[in-house]
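Have a look at the structure below before the remarks.
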Amino acid sequence: MEKINVLKTEEEINNRVKELANILYQKYQDEEVTFICTLKGAVFFCCDLMKNYHGDARIEFLRVSSYEGESSTGKINLKLPLNAESVNGKNIIIVEDIVDTGYTLEYIRNYIKGMNPKSLIECTLLDKKSRRKVDIEPTYSGFEIEDLFVIGYGLDYDQKYRNLPYIGVVVKE
Ligand code: IMP
């Protein structure tokens, strides 16, 4: 395996995920929420977030893709759609791994809005604000990071490294 510089340790991630889960619970309390996990990158984050969320919660999965290697193609493909009845009239939390250019989140937000949720917010683990191409701001974000291609804790480089328990950057020789 290549050398990897750790950017966020497992402990830092766990602590922040607990904080985010508490913030979400304070917001919704007795109201049911639906976490929409965007595959594949957000799967670890979404599971940990839900395990630390102590209110009524459902989970649904959505898969879109825009990335090839290390760059966003800007063209979003819907690979696994949602059922309208799992969104209609529900409190929706879109769970994303990382917001980069913002094209993906903008697409997902519009897609879900079209299914008439009761409310809609976004929670991303990472935010690369400096790379934004569209005017979009996720409601909650775990960590703002600089313009680096990161891997681990669900994030991949050509499908590798998702299983690392931390977030890191591959050191290129
Ligand atoms: P956006 O549409 O440019 O905001 O890209 C969002 C998607 O690109 C994310 O959901 C990730 O799947 C992927 N992505 C963006 N930056 C990274 C990165 O640094 N590492 C791994 N995947 C990334």
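Just so you know, ligand 1 is whichever comes first in the structure, and atom 1 is the first atom listed for that ligand. These figures come from a predicted structure and were not determined experimentally.
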Euclidean distance, Phe45 CZ relative to Cys37 SG, rounded to 0.5 Å: 10.0 Å

Euclidean distance, Leu78 CG relative to Leu80 CG, rounded to 0.5 Å: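 The CG atom of Leu78 is 7.5 Å from CG of Leu80, to the nearest 0.5 Å.
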
So that I can tick it off, tell me whether [Y] and [X] are bridged by a salt bridge, with the cut-off set at under 4.0 angstrom between side-chain N and carboxylate O.
{"X": "Asp48", "Y": "Lys18", "answer": "no"}
{"X": "Glu106", "Y": "Arg109", "answer": "no"}
{"X": "Lys129", "Y": "Glu137", "answer": "yes"}

Per-atom contacts, ligand 1 versus [X] - under 4.0 Å to a heavy atom:
{"X": "Asp156", "value": "21 (C)"}
{"X": "Leu148", "value": "19 (O)"}
{"X": "Leu155", "value": "21 (C), 22 (N)"}
{"X": "Gly102", "value": "1 (P), 3 (O), 4 (O)"}
{"X": "Lys128", "value": "16 (N), 17 (C), 18 (C), 19 (O)"}

May I ask you to identify, for [X], whether its side chain, its backbone, both or neither come under 4.0 Å of ligand 1 on a heavy-atom basis?
{"X": "Ile76", "answer": "neither"}
{"X": "Lys133", "answer": "neither"}
{"X": "Glu96", "answer": "side chain"}
{"X": "Thr101", "answer": "both"}

Would you indicate which of Leu126, Ile145, Asp97 comes nearest to atom 12 (O) of ligand 1 when only heavy atoms are counted? Asp97

Return the option from Phe149, Tyr107, Tyr103 holding the heavy atom at the smallest distance from atom 18 (C) of ligand 1.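 The residue whose heavy atom sits nearest atom 18 (C) of ligand 1 is Phe149.
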
Polar proximity ligand 1 side, Val150 side, N/O cut 3.5 Å exclusive: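 There is such a contact, yes.
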
Ring pair (Phe, Tyr, Trp, His ring centres under 6.0 Å) assessment of Tyr53 paired with Phe35: CA-CA 11 Å; Tyr53 183 86; Phe35 288 81; 5.3 Å; yes

How far apart are the C-alpha atoms of Glu2 and Tyr157, what are their side-chain angles, what is the distance that settles it, and do they pass the side chain to side chain donor-acceptor pair (under 3.5 Å) test? CA-CA 12 Å; Glu2 290 87 340; Tyr157 173 64; over 6 Å; no

Give the intermediate values and the outcome of side-chain contact (heavy atoms from CB on, under 4.5 Å) for residues Leu49 and Cys123. CA-CA 10 Å; Leu49 195 59; Cys123 183; 4.1 Å; yes

